[in-house]
Peer 1: 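Mind looking over this structure? Questions follow.
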Amino acid sequence: MNLPTYPLPDERGRYGIFGGRYVPETLIPALDELRDAYAEAKTDPGFLGDFERLLRDYVGRPSLLYFAENLTKHAGGAKIYLKREDLNHTGAHKINNCLGQALLAVRMGKKRVVAETGAGQHGVASATAAALLGLECVVYMGREDIRRQALNVFRMKLLGAEVREVTSGSATLKDATNEAIRDWVTNVRGTFYILGSVVGPHPYPAMVRDFQSVIGEETKWQLEALEGRQVPDAVIACVGGGSNAIGIFAPFAYLPEHERPRLIGTEAAGQGVASGFHAASVAGGRVGVLHGSMMYLLHDAEGQIQEAHSISAGLDYPGIGPEHCYYSDHQVAEYVPVTDAQALDALQLLAKLEGIIPALESAHAIHQAIITARELGEGKIVVVNLSGRGDKDVAEVARLLTREEGEARA
Amino acid sequence: MTTIDTNPSRIQRIHAAFKTAKAEHRAAFIPFMTAGYPDAGRFVTVARTLLEQADLMEVGLPYSDPLGDGPTVQRASELALAHGTSTRRTLELVKELRQHTEKPIVIMTYINPVYAVGPRAFMRLAVEAGVDGLILPDLPPDEDIEIRQLAAEAGLALTFLIAPTSTSERVRIVTAACTGFVYAVSVTGVTGARESGALSEVPALVKLAKAHTELPIAVGFGVKDARSARAVAVDADADGVVVGSAFIDAVVAGQDLAGLAAQIVTGCRKD
C-alpha cells in the first residue's frame with residue numbers, strides 16, 4: 001500500500017491560517033526529527049509493508065462497508081452505508097493511527113510511548129500497539145474520564161500500560177493532553193508521543209490523517225464494487241478532534257468541487273450550542289491556539305480555555321483539528337451540531353433497527369445520516385463512518401436511560 | 001532584517017539591569033510570581049518583597065492550560081484564575097507595582113491570551129501598565145513574524161526560549177529574535193524545583209547561546225536555592241537567574257521570602 005499525499009499542509013505545517021507549531025522550544029528539534037522520520041518512512045516499502053500487514057492481519061481490515069437497509073427504509077430517502085470501523089480490533093478507528101505511530105516509534109529507536117485518552121479508546125489502542133511491538137506505554141487520563149470509563153482503564157492495565165490519573169484543570173481529555181505533552185517535554189529524547197487525533201503541532205495532524213485515510217480509500221473501492229461508483233453523495237462522520245472524520249473525508253476533500261461529495265461533520269452540541277454546555281468548536285468557538293495548533297476553539301474573551309461538554313467522552317474536547325477548520329472556512333465540508341439527546345436516540349434506533357450498538361460518538365453521525373438521507377432522496381448514497389462500537393458506553397447509557405425513565409414518571 | 005523604529009527605553013531598562021548586575025560581578029536575580037497568587041492583595045506584598053532584592057521581575061499572567069509549567073505554577077495559575085485574575089486585573093497589579101519600583105517587569109504568559117485580546121491591543125495595554133517585556137514560552141519565534149514587528153513598534157522587549165535540546169541552528173534563530181534577554185531553559189522539562197544535579201546541561205547551553213548573541217542569557221527552571229543559583233551563575237556563567245516555583249512553594253509553606261531571596265542573591269555572586 002501507499003500512504004496518500006495531499007496538497008495540505010504547507011511546509012510550515014499550515015492549513016491556511018490553521019495549524020502550526022505553538023509548543024515550547026524544547027520540542028522543536030523533536031518535531032523536526034519526527035517530520036523527517038515520517039517523510040522517510042512514508043516512502044519506505046518496508047515501513048509501508050509492515051503497516052499494511054498489521055492493518056490486514058491484526059486489525060482485520062478492510063473494515064466492512066455495510067448497506068443498512070432497515071435504517072435506509074426508516075429514513076426514507078438515500079441509501080445509507082455504514083463504514084464499520086467498530087469491527088476493528090479494539091473496537092474503533094483509533095487502532096489504525098496507533099499502529100502507524102508505534103511502527104514509527106520503533107523505527108526511530110524509541111523504547112517508550114506516551115498517549116492521552118478521553119473515552120479510553122485511543123488509550124486502549126496505544127496500549128495494544130505498544131504491547132504488540134514491545135514498547136513501554138504510559139497513558140494519561142483525566143480523573144473524570146477514569147470514573148466514566150472504568151472498563152477501558154482496566155483494559156489498558158491488562159495490556160501492560162500504566163494509566164496515570166490527571167487531576168489538573170477540568171480533569172478530562174484536554175488536561176490529559178497537557179500532561180502527555182509535559183511528559184514528552186521532559187522525556188523527549190527517548191519517548192515517542194502517540195497523539196490520537198488530528199490536532200497538536202505539525203506534523204501530527206497530517207500524520208494522523210494519513211494513517212486514518214485508509215478508511216476513505218477503502219470506501220472508494222468498496223462502493224465501486226457495490227454501487228459502480230467510487231464517490232457517494234454524502235459522507236458523514238462525528239468530529240471531536242476529528243481523526244475518524246478526516247480519515248473518511250480527506251480522500252474525497254481534494255476532488256474538484258463538482259465531483260466532491262457533501263462532507264458533513266457532526267459536532268457534539270451537548271445540551272445545545274446556545275446553552276453553553278457543548279463541544280461544538282466550529283459552531284460555538286473562535287480561532288485560538290491549543291495544544292500546539294491554531295484552530296477553532298472554545299475559549300473566553302481573554303483566551304482562557306473553556307470546558308467542553310458532551311455525553312460522549314471522545315468528543316469532549318474544546319478544539320477541532322486544523323484541517324477541519326480549513327475545510328469549514330473554504331466550504332469543503334459542513335459542520336453541524338448534534339445534541340446529547342439526539343445522539344442517545346440515534347444509538348437506540350440503530351441498535352433496534354440494525355442490531356448494531358454504535359459508540360455514543362458515532363451515534364452523532366447516525367442522527368445526521370437520517371436527516372441527510374431524507375434531504376438527498378432516493379437514488380442517492382450516504383456513507384456514515386461508524387467510528388466505534390458502543391460496548392464502552394453501555395453502562396453510561398443504562399444510567400442515562402434509567403434517569404430519563406425516572407424523570408418521565410415523576 | 002530591516003531596522004525597525006523602536007522605543008528603546010523599556011528594552012534599555014532591561015539591558016541596564018543586566019549591565020548593573022554584571023558591573024557588580026553577579027548574575028541578575030529574576031524572581032517570578034503568578035499574578036493574583038495567592039490572592040490579589042498578598043500578591044502585591046509578595047512581589048514587593050521580591051522586588052526589593054530583584055534586578056528584574058517576571059510576573060506570570062495566569063493561563064488555564066500552561067503546558068510548559070509543572071504542578072507548582074499550574075496550581076498557582078488555577079487558583080489565581082479562580083480568584084478572577086483576568087488579563088486586565090494582571091495588568092492592574094503590574095500598574096500597582098509600578099508605583100513602587102523602577103525595576104524592569106516582564107510578563108510571562110502563553111500565546112492564546114495574547115491572541116485572544118489581539119497582539120497589538122495586548123501590547124498597548126501592557127505598555128500602559130508599565131510592562132517592559134514579554135516572555136512567550138509556547139511561541140517559537142519563527143511561528144509568528146508579525147508579533148516581533150508589533151513588539152518593536154510598542155517598544156516592548158521580547159524574550160524567546162532555548163532549551164538543552166536546541167540545535168545550534170535553533171539557538172541562532174531564537175537568539176536573533178530576542179530583544180531583551182534570552183531565556184535558557186535549564187532542563188528538558190517543565191518548570192519546577194529540582195535536585196541541583198539536574199542542571200548539568202546548563203554550561204554547554206549558555207556557552208552555545210553566547211556564541212550566537214551579545215544579549216544577556218538568563219537561566220530558569222529548577223533553580224531553588226543558593227547552591228543551584230551558584231551552579232547557574234558561576235559554573236555556567238549565566239547573566240541572570242530566574243526563580244519561580246521555589247517562591248510559590250515558599251508562599252504555600254509560609255516561609256520567609258526575603259530570606260530565601262537573600263540566599264539566592266548570595267548564590268548569584270560571581271566573585
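These values consider heavy atoms only, across backbone and side chains, with no hydrogens, waters or symmetry-generated copies. None of the values given here were measured: they were computed from a predicted structure. Every chain is numbered from 1 and lettered A, B, ... according to where its sequence line falls, protein lines coming before strand lines.
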Peer 1: Heavy-atom distance under 4.5 Å to chain A: side chain of B:V174, backbone, both or neither?
Peer 2: side chain
Peer 1: Using non-hydrogen atoms only, which part of B:E143 is less than 4.5 Å away from chain A: side chain, backbone, both, or neither?
Peer 2: both
Peer 1: Please name the pair of heavy atoms, one in B:Y63 and one in A:G303, separated by the smallest distance, quoted to 0.1 Å.
Peer 2: CE1-O, 3.3 Å
Peer 1: Shortest non-hydrogen contact from B:Q74 to A:S168?
Peer 2: OE1-CB, 3.5 Å
Peer 1: When heavy-atom pairs shorter than 4.5 Å are enumerated against chain A, which of B:V185, B:N112, B:D142, B:L161 gives the highest number?
Peer 2: B:N112
Peer 1: If I measure from the heavy atoms of chain A, does B:P137 come under 4.5 Å with its side chain, its backbone, both, or neither?
Peer 2: backbone
Peer 1: Could you tell me which non-hydrogen atom of A:P29 sits nearest to which non-hydrogen atom of B:T165, and how far apart they are?
Peer 2: CG-O, 3.2 Å
Peer 1: Would you mind checking which part of A:D175 comes under 4.5 Å of any heavy atom in chain B, side chain (CB onward), backbone (N, CA, C, O), both or neither?
Peer 2: side chain
Peer 1: Just so I know, are the side chains of B:T188 and A:T186 near enough to count as touching, which here means a heavy-atom distance under 4.5 Å?
Peer 2: no
Peer 1: Quick check on the interface: out of B:T167, B:V187, B:L139, B:D138, who has the most heavy-atom pairs with chain A under 4.5 Å?
Peer 2: B:D138
Peer 1: Below 4.5 Å, heavy atoms only, C-beta onward: do A:R182 and B:P66 meet side chain to side chain?
Peer 2: yes
Peer 1: Checking heavy atoms, do the side chain of A:P24, its backbone, both or neither come under 4.5 Å from chain B?
Peer 2: both
Peer 1: Heavy-atom distances under 4.5 Å only: say whether B:I111 touches chain A with side chain, backbone, both or neither.
Peer 2: side chain
Peer 1: Where on B:Y115 is there a heavy atom nearer than 4.5 Å to chain A: the side chain, the backbone, both, or neither?
Peer 2: side chain
Peer 1: Taking all heavy atoms of B:S64 and all of A:K174, pick out the closest pair and write down the distance.
Peer 2: O-NZ, 4.4 Å
Peer 1: Check each atom of B:R88 against the heavy atoms of chain A and say whether the ones under 4.5 Å are side chain, backbone, both or neither.
Peer 2: both
Peer 1: Run the salt-bridge test on B:R89 and A:E302 with the 4.0 Å N-O cut-off and return the result as yes or no.
Peer 2: no
Peer 1: Which atoms of B:P62 are under 4.5 Å from chain A, going by heavy atoms: the side chain, the backbone, both sets, or neither?
Peer 2: backbone
Peer 1: Look at atom CZ of B:R120 and say whether more than 12 heavy atoms of other residues, nucleotides or ligands are closer to it than 6.0 Å.
Peer 2: no
Peer 1: Please round to the nearest 0.5 Å and tell me the distance separating atom CG of A:N178 and atom CG of B:D65.
Peer 2: 4.5 Å
Peer 1: First locate atom CD of A:E179, then atom CG of B:L67, and finally report the distance between them rounded to the nearest 0.5 Å.
Peer 2: 10.0 Å
Peer 1: I need the residue from B:D144, B:V114, B:D69 with the largest number of non-hydrogen atom pairs under 4.5 Å to chain A.
Peer 2: B:D69
Peer 1: May I ask you to name which of A:Q306, A:R189, A:H291 has the most heavy-atom pairs under 4.5 Å with chain B?
Peer 2: A:R189
Peer 1: So do B:P141 and A:E25 actually touch side chain to side chain, heavy atoms under 4.5 Å?
Peer 2: yes
Peer 1: Check whether A:I181 gets within reach of chain B through its side chain, its backbone, both or neither, counting any heavy atom under 4.5 Å.
Peer 2: side chain
Peer 1: Sort B:L81 into side chain, backbone, both or neither according to what part of it lies under 4.5 angstrom from a heavy atom of chain A.
Peer 2: side chain
